[in-house]
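Scroll down for the structure; my scribbles are underneath it.
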2 protein chains.
Amino acid sequence: MAKQNTVFKDAYNRCLRLLADTSSLPSEPELGQVLGVSRTTVRAILSRFEELQLIAWDKRKKNVLRQPRPDDYFPTEETDSLADIIERSFMRRILAGGAEPGMQINELELAREIGTGTTSVREFLIRFSRFGLIEKRPNSHWILKGFTREFALELTEVREMFELRSAARFVSLPDDHPAWEELTKIEALHREILADIDRRYQEFSELDEQFHLLVHKASSNRFIVDFYDIIAIVFHYHYQWNKTNARQRNARALEEHLAYIEALRSHDPEKAEQACRRHLQSARETLLQSIP
Amino acid sequence: MAKQNTVFKDAYNRCLRLLADTSSLPSEPELGQVLGVSRTTVRAILSRFEELQLIAWDKRKKNVLRQPRPDDYFPTEETDSLADIIERSFMRRILAGGAEPGMQINELELAREIGTGTTSVREFLIRFSRFGLIEKRPNSHWILKGFTREFALELTEVREMFELRSAARFVSLPDDHPAWEELTKIEALHREILADIDRRYQEFSELDEQFHLLVHKASSNRFIVDFYDIIAIVFHYHYQWNKTNARQRNARALEEHLAYIEALRSHDPEKAEQACRRHLQSARETLLQSIP
DNA sequence: ATTCTGTCTTTTATCTACAATAGACAGATC
DNA sequence: GATCTGTCTATTGTAGATAAAAGACAGAAT
């Protein structure tokens, strides 16, 4: 295989959902816009729809013939990009599978295990290396540095510097800046989840990422915003594998976020700094607790 | 070609220099250690030496037969790793060759121009992307964000946060920490160069990198240390292409470094912070001046 | 008993090839 | 006149192959 057609399959599934709600599809360029793919892919999707008698396609007319059935969709496993698959496998390996620091990482072995070519694994490792968890010995293997206490401390140190600075910028954003509007939306979501915490506490993880990213973006500094990727991925997988007291922890974090949001709204740098510090402190403790 | 044998050629040249100073070479493992290559490569070098009648090789005996001639060496162009070559070509292109922000970068074109395969170019771009100068559109081209004023400001903002923090750590390093010794060496080099500034001012660039890296390392934070790569590469190429007033600028920076070093030595955090700020301020100005 | 060499195996770095996807352009349609 | 479609070309993403380099192990030399 040269290239997986995951872009096609994923767009196909999304287009199928669009099709369920309408009696005819819009123009090719418009579909491309909505789905975020090129016209070439759109046309491939339409051709398939036609073959399966889902639509009658004649130039500008794309009339829906029947409702999609569950088995018209591609299985979701097939719509994930190769990079995502590699990332997940790799993270599972190094987080779950008792990966000791200092261990060697073998490109070929990883590729075979994941069922992919070495090129993709290699490119993944290069991209991943900026997270500071692995390191390359040129002409030789990669070394796993491991998700250790030091790693967590170094990560949080930088995170705290960056977020404090971003929060300080946030309070001085002009009132008509779109960030305020998004902050309102995020706050509302916090309240919704808190009101039904027993059932919805798992939604916190995603919301947490959204909120902190919004704060970091206020820095208008690409290095600060990019660094948030590292934090996001660490916390993302961290949440997945450390579920002890999740409900309670998340409830507490939600409350802290609300205090933090209020402080940002006050436009008072002092208050914002305090609320930010308080939350970062407890986030750090949570992270450290999960490391042996 | 599968792999360039630059490791071999470079080690070969260095081994040839060793050979000039001795009448017999040490054991294979020892040579490997000295040259930083595996025994496989060492043996390849020795075989070649034997072929060219440079040594008589019989098991443990490796007696030098004749002095190397200039044409025994491989040309230096052939000893650079592919990654270095790509980096240089790319930087020349984007810094020298009027590269406008927003320009598209084409992997295949770049590869052809440099005379290499697309894989290597691609891997380079992935690695390079962490410097924030280019950005990838998946399934499509890379975009050059350009060495703009914003870039320089964002870079220096983070640099200043990191270096101030590192300097604060530096002053509290214990007296027996090896960093102090290295600081002494670096200081001596500063004085040497200053004493002969008219002729040696170009050596500043390398020294600058050494000094700031030493400071950053005091942070014991991999993210801070890794970030210094970005600063180093930017300043490295910056020095190469902006030569106006180089002598004067470098002399001033050397003086500032000396004050900064003295402040670090004082173990006084206040003094260190002041000296650090002063120097970073003028470093920032210098960088900004060179951007249109 | 340690260190070295000869030989063999494994792994990385890089090239080439090709399908998936993006993108460009002219003529058709509204 | 603007937008859309048909067709064609260019570029990316990935696999597979191969030489360079690393590394392992047993037997030889000190």
Side-chain angles (χ1 to χ4, degrees), chain A residues 1-11 26-32 35-47 57-62 81-83 85-86 104-112 114-126 136-142, chain B residues 1-11 26-32 35-47 57-62 81-83 86 104-112 115-126 136-142:
Chain A
M1 243 169 308
K3 204 174 179 177
Q4 320 275 109
N5 56 351
T6 54
V7 171
F8 166 74
K9 286 178 178 171
D10 180 54
S27 78
E28 295 171 11
E30 196 179 329
L31 268 176
L35 299 170
V37 296
S38 74
R39 253 189 74 217
T40 309
T41 306
V42 169
R43 286 172 67 84
I45 293 170
L46 293 174
S47 299
W57 184 22
D58 181 45
K59 314 220 163 153
R60 305 190 176 201
K61 293 199 200 83
K62 307 169 191 81
S81 85
L82 192 45
I85 295 171
I86 297 177
Q104 293 183 10
I105 297 166
N106 183 316
E107 294 176 3
L108 190 61
E109 194 188 325
L110 250 177
R112 266 197 294 253
I114 299 172
T116 176
T118 50
T119 316
S120 317
V121 167
R122 202 177 153 73
E123 288 183 1
F124 167 77
L125 291 173
I126 294 172
K136 178 144 195 53
R137 296 289 150 91
N139 285 310
S140 183
H141 46 257
W142 291 82
Chain B
M1 245 170 305
K3 205 176 180 174
Q4 320 274 107
N5 57 350
T6 55
V7 172
F8 166 74
K9 287 178 176 170
D10 180 53
S27 77
E28 296 172 10
E30 197 179 326
L31 268 175
L35 298 171
V37 297
S38 74
R39 252 189 73 218
T40 307
T41 305
V42 168
R43 286 172 67 83
I45 293 171
L46 293 175
S47 299
W57 183 22
D58 181 44
K59 312 219 164 152
R60 304 192 177 202
K61 293 200 200 81
K62 308 170 190 83
S81 86
L82 192 46
I86 297 177
Q104 294 183 11
I105 297 166
N106 183 316
E107 293 176 5
L108 190 60
E109 194 188 325
L110 250 176
R112 266 196 296 251
T116 178
T118 50
T119 317
S120 316
V121 167
R122 206 177 150 73
E123 289 183 1
F124 166 78
L125 291 172
I126 294 173
K136 179 148 192 50
R137 298 289 151 89
N139 285 310
S140 183
H141 48 258
W142 291 83

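Atoms considered below: every heavy atom in the structure, side chains included; atoms not considered: hydrogens, waters and symmetry mates. The sequence lines fix the lettering, A, B, ..., with proteins before strands; numbering per chain opens at 1.
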Whole Å only: how far is the [atom1] atom of [X] from the [atom2] atom of [N]?
X: B:Glu107; N: D:dT12; atom1: CD; atom2: P; value: 4 Å
X: A:Glu28; N: C:dG23; atom1: CD; atom2: P; value: 16 Å
X: B:Phe124; N: D:dT12; atom1: CZ; atom2: P; value: 15 Å
X: B:Leu125; N: D:dT11; atom1: CG; atom2: P; value: 15 Å
X: B:Trp142; N: D:dG13; atom1: CH2; atom2: P; value: 8 Å
X: A:Asp58; N: C:dT29; atom1: CG; atom2: P; value: 10 Å
X: B:Glu30; N: C:dT3; atom1: CD; atom2: C1'; value: 11 Å

message = Does the protein touch nucleotides 22-30 of chain D at the base, only the backbone, or not at all? Give it as B, S and - per nucleotide, heavy atoms under 4.0 Å.
response = BBB---BB-
Who pairs with [X] by side-chain hydrogen bond (donor to acceptor under 3.5 Å, both in side chains), at least two apart in sequence or on another chain?
X: A:Asp10; answer: A:Arg14
X: B:Gln4; answer: none
X: B:Arg39; answer: B:Glu28
X: B:Lys9; answer: B:Glu78

key: side chain to side chain contact (heavy atoms under 4.5 Å, CB included) involving A:Gln104 - partner list, sequence neighbours excluded   =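 Once residues adjacent in sequence are excluded, the partners of A:Gln104 under the side chain to side chain contact (heavy atoms under 4.5 Å, CB included) criterion are A:His141.
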inquiry  = Checking B:Ser140 now: which residues fulfil side chain to side chain contact (heavy atoms under 4.5 Å, CB included) with it, not counting sequence neighbours?
reply    =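 With sequence neighbours excluded, B:Ser140 shows a side chain to side chain contact (heavy atoms under 4.5 Å, CB included) to B:Arg137, given in chain and number order.
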With a 4.0 Å limit, can you tell me whether [X] has a side-chain N or O closer than that to the phosphate oxygens OP1/OP2 of [N]?
X: A:Arg122; N: C:dA13; answer: yes
X: B:Ser27; N: C:dT3; answer: no
X: A:Lys136; N: C:dT11; answer: no
X: A:Ser120; N: D:dA15; answer: yes
X: A:Asn106; N: C:dT12; answer: yes
X: B:Lys62; N: C:dT5; answer: yes

Heavy-atom closest contact (B:Lys62 atom, B:Trp57 atom, distance) =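 Scanning both residues, the minimum pair turns out to be CG-CD1, 3.6 Å.
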task = Could you check whether B:Glu109 gets within reach of a base, just the sugar-phosphate, or nothing at all, counting any heavy atom under 4.0 Å?
result =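 It contacts nothing in the nucleic acid.
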message = By the 4.0 Å heavy-atom rule, please label A:Ile105 as base, sugar-phosphate, or nothing.
response =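 Result for A:Ile105 = sugar-phosphate.
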message = I'd like to know if B:Lys3 reaches the base of C:dT12 with its side chain, counting only an N/O donor and acceptor under 3.5 Å.
response =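 Checked by distance alone, the answer is yes.
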key: Nearest-nucleotide pick for A:Thr116, side chain only, options being D:dA15, C:dG6, D:dA19   =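 The answer is D:dA15, which lies nearest to the side chain.
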key: Closest nucleotide among C:dC4, C:dG6, D:dG6 to the A:Trp57 side chain   =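 The answer is D:dG6.
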query = Which residues pass the salt bridge (Lys or Arg N to Asp or Glu O under 4.0 Å) test with B:Arg60, sequence neighbours left out?
reply =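 Residues passing salt bridge (Lys or Arg N to Asp or Glu O under 4.0 Å) with B:Arg60: none at all.
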ask   = Closer to the 5' end of DNA chain D via nearest nucleotide, is it B:Thr118 or B:Phe8?
value =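 Closer to the 5' end of DNA chain D: B:Thr118.
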task = Describe, as an angle rounded to 10 degrees, how the axis at the first end of the helix from C:dA1-D:dT30 to C:dC30-D:dG1 is tilted relative to the axis at the last end, five pairs per end.
result =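 Comparing the first five pairs with the last five, the axes sit 40° apart.
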